[in-house]
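Predicted model only: the values in this text are computed from it and were never measured. Throughout, a chain's letter reflects where its sequence line sits, starting with A, and its residues are numbered from 1.
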Number of protein chains: 2
Amino acid sequence: MEEITALLKQRGLKVTPQRLAILNFLMHTNEHPTAETIYKKLVSDFPTMSLATVYKTLEVLKNTGLIQELNVGEGSFRYDAKTTPHPHIVCLGCGKVEDLDESIFKDLLEEVKKHTDYKVVGQKLYFYGYCPACQKKMNN
Amino acid sequence: MEEITALLKQRGLKVTPQRLAILNFLMHTNEHPTAETIYKKLVSDFPTMSLATVYKTLEVLKNTGLIQELNVGEGSFRYDAKTTPHPHIVCLGCGKVEDLDESIFKDLLEEVKKHTDYKVVGQKLYFYGYCPACQKKMNN
DNA sequence: CCATAAAAAATAATCTTTCTCTCTTAATAT
DNA sequence: ATATTAAGAGAGAAAGATTATTTTTTATGG
Ligand SMILES: [Mn+2]
Ligand SMILES: [Mn+2]
Ligand SMILES: [Zn+2]
Ligand SMILES: [Zn+2]
């Protein structure tokens, strides 16, 4: 928790239990949760925390670059404490979202820059398919 | 309009003025409009059309593969009658969404398949930046 | 034409996200 | 330690996007 406190302070943010809890949770999961999911996981430890606080905190963390926002095409956003741009794969069977090895795409941005007159500053790469468990289910 | 009628009939869909108008509009624009935008453009010609009809029609067209749904990270979905998977670039200045030359990515899906145990069936590639007009604005 | 099933219209409801207002608290300087 | 103050948290309302429900209208095959 010390490091997380430091991260917040570095950015001039007040260190509050809610911020610590939300950032800590995101830094120790790889499930790319939604605001709703984060709220449900934390509300038992922080009974007074409201969903609005989760949203507001996520916005603050996003704006200071401590987390990134994903949208894989559902109704709601997901959040990720791994802030380097990296590709994701979504299971169309169970809805889970996982990281993909990013080494595959190292010169993709360069290619794009060559082929467009936009000033390119970011990217979001999403792949869709079926995870091993869901493939097995389909074969039964 | 003949071809559009045929497309709907091929899929066993009733040919209604609303469906013709919505699909025709999407097939002749490259602006990747939202449901709201489509509604606003068409309501003058179809004064009784409701936004709910636009949503329902878009869902039908999507489910039959006549259009695809995009989510570039705004609050709402955009729709595209070009149904082949192709990359998009979003202007962070003016919000416009354009197609990118897809030839750059021809073996991307193959690369992904090599590096994951998912059964990969689709992809969404979004790039973010500033269009030439917005770059010019920023320099003034 | 007519019957019938499907679609459109109208409207309400739901779901996610944002806003506003008030109260509390963390950070800082004394 | 205490006081000050500016930022954040909480509650609830509100907004915005999408979906569901009910009734009316329309497309289409016979
Ligand atoms: Mn990730
Ligand atoms: Mn497109
Ligand atoms: Zn799965
Ligand atoms: Zn622009």
Side-chain angles (χ1 to χ4, degrees), chain A residues 1-2 4-25 32-40 42-64 66-67 69-79 95, chain B residues 1-2 4-25 32-40 42-64 66-67 69-79 95:
Chain A
M1 231 54 164
E2 295 308 306
I4 298 180
T5 301
L7 284 172
L8 292 170
K9 281 198 172 155
Q10 274 167 32
R11 283 157 181 82
L13 298 174
K14 271 197 193 171
V15 179
T16 69
Q18 293 82 357
R19 289 180 174 178
L20 282 173
I22 291 170
L23 185 50
N24 182 60
F25 178 68
H32 306 91
T34 64
E36 181 77 27
T37 307
I38 296 168
Y39 172 70
K40 283 184 180 154
L42 296 181
V43 74
S44 51
D45 289 334
F46 298 84
T48 76
M49 179 152 51
S50 75
L51 188 54
T53 297
V54 175
Y55 275 107
K56 225 180 321 185
T57 302
L58 288 170
E59 200 198 348
V60 168
L61 295 177
K62 180 180 69 172
N63 290 340
T64 53
L66 285 168
I67 64 172
E69 191 176 65
L70 309 180
N71 75 88
V72 301
E74 303 160 311
S76 44
F77 292 106
R78 288 167 174 265
Y79 296 89
Chain B
M1 230 52 164
E2 296 308 308
I4 297 180
T5 301
L7 284 173
L8 292 171
K9 281 199 170 153
Q10 274 166 32
R11 284 158 181 81
L13 297 174
K14 271 197 189 173
V15 180
T16 68
Q18 294 84 348
R19 288 179 173 177
L20 281 173
I22 291 170
L23 186 51
N24 181 60
F25 177 68
H32 306 89
T34 63
E36 182 76 29
T37 308
I38 296 168
Y39 172 70
K40 282 184 181 153
L42 296 180
V43 74
S44 51
D45 290 333
F46 298 84
T48 76
M49 179 151 51
S50 76
L51 188 53
T53 298
V54 175
Y55 274 107
K56 221 176 326 181
T57 302
L58 289 171
E59 200 198 348
V60 168
L61 296 177
K62 179 180 68 170
N63 289 341
T64 53
L66 285 167
I67 64 174
E69 192 176 64
L70 309 180
N71 187 348
V72 301
E74 305 159 310
S76 45
F77 291 103
R78 289 168 173 264
Y79 296 89

N/O donor-acceptor pair, side chain Lys14(B) with base dA7(C), under 3.5 angstrom:
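In this structure, the two groups form no donor-acceptor pair.
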
Relative to the 5' end of DNA chain D, which residue comes earlier, Lys9(B) or Ala52(B), by the nucleotide with the nearest heavy atom?
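It is Ala52(B) whose nearest nucleotide is closer to the 5' end.
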
Taking the nucleotide of DNA chain D with the nearest heavy atom to each, does Lys56(A) or Tyr79(B) sit closer to the 5' end?
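Final value for this comparison: Lys56(A).
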
Roughly, in whole Å, what's the span from [atom1] in [X] to [atom2] in [N]?
{"X": "Leu58(A)", "N": "dT17(C)", "atom1": "CG", "atom2": "C1'", "answer": "11 Å"}
{"X": "Leu42(A)", "N": "dA9(D)", "atom1": "CG", "atom2": "P", "answer": "13 Å"}
{"X": "Leu8(B)", "N": "dA7(C)", "atom1": "CG", "atom2": "P", "answer": "11 Å"}
{"X": "Glu36(B)", "N": "dA15(D)", "atom1": "CD", "atom2": "P", "answer": "16 Å"}
{"X": "Leu51(A)", "N": "dA9(D)", "atom1": "CG", "atom2": "C1'", "answer": "13 Å"}
{"X": "Glu74(B)", "N": "dT18(C)", "atom1": "CD", "atom2": "C1'", "answer": "17 Å"}
{"X": "Leu20(A)", "N": "dA9(D)", "atom1": "CG", "atom2": "P", "answer": "10 Å"}
{"X": "Tyr39(A)", "N": "dC15(C)", "atom1": "OH", "atom2": "P", "answer": "15 Å"}

With heavy atoms under 4.0 Å as the rule, sort [X] into base, sugar-phosphate or nothing.
{"X": "Thr53(B)", "answer": "base"}
{"X": "Pro47(A)", "answer": "nothing"}
{"X": "Val15(A)", "answer": "sugar-phosphate"}

Comparing Thr16(B) and Thr34(A) on DNA chain C - which has the more 5′ nearest nucleotide
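Per heavy-atom nearest nucleotide, the more 5' residue is Thr16(B).
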
So does [X] get a side-chain nitrogen or oxygen closer than 4.0 Å to the phosphate oxygens (OP1/OP2) of [N]?
{"X": "Tyr55(B)", "N": "dT19(D)", "answer": "no"}
{"X": "Gln18(A)", "N": "dG10(D)", "answer": "yes"}
{"X": "Arg19(B)", "N": "dA6(C)", "answer": "no"}

Can you tell me how far apart CG (Leu8(B)) and OG1 (Thr64(B)) are? Round to the nearest 0.5 Å.
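Separation between the atoms: 7.5 Å.
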
Side chains of Glu59(A) and Asn63(A): does their closest heavy-atom pair fall under 4.5 Å?
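Side-chain contact under 4.5 Å: yes.
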
Write down the atom of Glu74(A), the atom of Phe77(B), and the distance for their closest heavy-atom approach.
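Glu74(A) and Phe77(B) have their closest heavy atoms at O-CZ, 3.6 Å.
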
Specify the closest pair of heavy atoms between Arg19(A) and Lys14(A), including all atoms of both residues, with the distance to one decimal.
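Taking every non-hydrogen atom into account, NH1-O, 3.2 Å.
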
Among dG10(D), dA7(C), dG8(D), which nucleotide sits nearest the side chain of Met49(A)?
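When the side chain of Met49(A) is considered, dG10(D) is the closest of dG10(D), dA7(C), dG8(D).
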
For the side chain of Ser50(B), counting heavy atoms from C-beta on, which of dT17(C), dA9(C), dG10(D) is nearest?
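The listed nucleotide nearest to Ser50(B)'s side chain is dA9(C).
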
Test side chain to side chain contact (heavy atoms under 4.5 Å, CB included) applied to Leu58(B) and Thr34(B), Ile38(B), Leu23(B), the passing residue
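With Leu58(B) as partner, side chain to side chain contact (heavy atoms under 4.5 Å, CB included) holds for just one option, Ile38(B).
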
